[in-house]
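One is the number of the first residue; the rest follow in order along the sequence. Nothing here was measured: the structure is a model prediction, and the numbers come from that model.
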Amino acid sequence: MYNYLVFFDLDATLFDNNSEITPEIATAMDQIRTNGGLPIIASGRTLYEIPVTLQKTKIDTVIASNGDYGMYQNQTAFSRRINPDTIDKLAAFAAEFGNSVTVLDQRGKDQQRMMNYLSKLVNMFMPPCQS
């Protein structure tokens with residue numbers, strides 16, 4: 001049981017001006033735990049983007065992806081994923097205007113999904129040649 005919870009964003013909170021964790025911040029996280037607190041990262045970023053931060057601070061509880069993923073003591077507590085069809089529709093809409101979309105989950109880019117989508121796009125805009 002914890003006496004209190006402390007939520008941290010990353011930029012200009014845990015991170016210094018170079019987006020890094022200083023030894024002082026790491027020590028402060030240890031002090032919070034020593035005093036019965038639980039430091040928690042609450043961020044729009046994914047776990048894929050912050051492994052060094054988690055290692056340096058020894059933080060094991062995170063609310064990531066703007067609240068779509070939660071981890072408590074390094075175990076997934078909850079996870080909500082966007083329907084892949086919705087992502088495909090968004091990417092197609094963006095492509096119509098010459099824009100692109102990048103999608104990350106807790107492991108990074110879904111490479112196979114993106115290759116399938118790119119293949120669909122190529123076929124949509126460049127129909128196969130007839131011989």
Side-chain angles (χ1 to χ4, degrees):
M1 184 68 66
Y2 299 98
N3 295 327
Y4 59 95
L5 308 175
V6 184
F7 293 86
F8 294 97
D9 190 12
L10 296 173
D11 297 309
T13 306
L14 285 184
F15 287 162
D16 65 9
N17 291 337
N18 298 313
S19 295
E20 295 181 7
I21 298 294
T22 64
E24 294 80 11
I25 292 294
T27 299
M29 298 303 106
D30 289 337
Q31 191 63 48
I32 288 170
R33 283 187 285 277
T34 298
N35 291 334
L38 177 65
I40 302 168
I41 291 175
S43 175
R45 297 178 195 222
T46 65
L47 290 181
Y48 175 77
E49 298 172 278
I50 60 170
V52 173
T53 300
L54 297 176
Q55 177 201 16
K56 286 184 175 181
T57 60
K58 298 181 233 154
I59 291 177
D60 63 4
T61 302
V62 178
I63 299 171
S65 300
N66 291 317
D68 280 346
Y69 180 83
M71 177 177 82
Y72 174 68
Q73 294 181 340
N74 292 319
Q75 299 295 316
T76 299
F78 61 88
S79 179
R80 187 178 76 166
R81 294 180 60 108
I82 298 172
N83 182 320
D85 292 335
T86 302
I87 295 169
D88 290 344
K89 289 175 186 174
L90 176 62
F93 179 77
E96 287 178 29
F97 296 93
N99 294 306
S100 61
V101 173
T102 300
V103 179
L104 296 177
D105 64 13
Q106 302 314 311
R107 297 173 306 245
K109 293 180 183 179
D110 185 342
Q111 299 288 338
Q112 185 59 49
R113 209 176 150 291
M114 288 309 293
M115 291 307 293
N116 291 342
Y117 174 72
L118 289 173
S119 177
K120 280 187 210 175
L121 265 183
V122 167
N123 290 332
M124 190 167 62
F125 291 107
M126 297 177 67
C129 296
Q130 306 254 337
S131 22

For [X], which residues count as a side chain to side chain contact (heavy atoms under 4.5 Å, CB included) partner, sequence neighbours excluded?
{"X": "Asn66", "value": "none"}
{"X": "Ala94", "value": "Asn99, Val101"}
{"X": "Thr27", "value": "none"}
{"X": "Gln31", "value": "Thr34, Asn35"}

### Pairs satisfying side chain to side chain donor-acceptor pair (under 3.5 Å), at least one member in residues 14-25, at least two apart
Thr22-Glu24

### Message
Is there a side-chain contact (heavy atoms from CB on, under 4.5 Å) between Phe8 and Ile40? Walk through the geometry before answering.
### Response
CA-CA 6 Å; Phe8 294 97; Ile40 302 168; over 6 Å; no

Would you say [X] and [Y] make side-chain contact, with heavy atoms under 4.5 Å?
{"X": "Tyr4", "Y": "Ile32", "result": "yes"}
{"X": "Leu14", "Y": "Ile59", "result": "yes"}
{"X": "Val62", "Y": "Arg45", "result": "no"}
{"X": "Leu54", "Y": "Leu47", "result": "yes"}

Would you list the atom pairs, donor with acceptor, under 3.5 Å between side chains in residues 71-78 and any protein atom, with sequence neighbours excluded?
from	atom 1	to	atom 2	distance (Å)
Gln73	NE2	Tyr2	OH	3.3
Thr76	OG1	Tyr69	OH	2.6

### Message
Surrounding CD1 of Ile82 (heavy atoms of other residues, nucleotides or ligands, distance under 6.0 Å), is the total greater than 12?
### Response
no

### Task
Only pairs at least two apart or in different chains count here, so list each salt bridge (charged side-chain N to carboxylate O under 4.0 Å, His left out) that has a residue in residues 47-66.
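Passing the test, one end in residues 47-66: Asp30-Lys58.
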
### Summary
The ring pair (Phe, Tyr, Trp, His ring centres under 6.0 Å) partners of Phe97 (sequence neighbours excluded) come to Phe93

#### Entry: Results of side chain to side chain donor-acceptor pair (under 3.5 Å) for Ser65 - residues two or more places apart only
Gln106

### Task
For Gln55, enumerate each residue passing the side chain to side chain donor-acceptor pair (under 3.5 Å) test, keeping only those at least two apart in sequence or located in another chain.
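With sequence neighbours excluded, Gln55 shows a side chain to side chain donor-acceptor pair (under 3.5 Å) to no residue whatsoever.
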
#### Entry: Heavy-atom pair of closest approach, residues Asp85 and Asn83
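Between these two residues, the closest heavy atoms are N-OD1, 2.7 Å.
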
### Task
Of all the heavy-atom pairs spanning Ala26 and Ile21, show the shortest one and how long it is.
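The answer is N-CG2, 4.2 Å.
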
### Distance in Å, Thr61 OG1 paired with Leu38 CG, rounded so as to fall on 0.5 Å steps
4.5 Å

### Query
Hey, any chance Met29 and Ile41 share a hydrophobic cluster, counting ILVMFWY side chains that come within less than 4.5 Å of each other, even indirectly?
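Yes, Met29 and Ile41 fall within the same hydrophobic cluster.
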
### Task
Would you please name every residue forming a salt bridge (charged side-chain N to carboxylate O under 4.0 Å, His left out) with Asp9, sequence neighbours left out?
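With sequence neighbours excluded, Asp9 shows a salt bridge (charged side-chain N to carboxylate O under 4.0 Å, His left out) to no residue whatsoever.
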
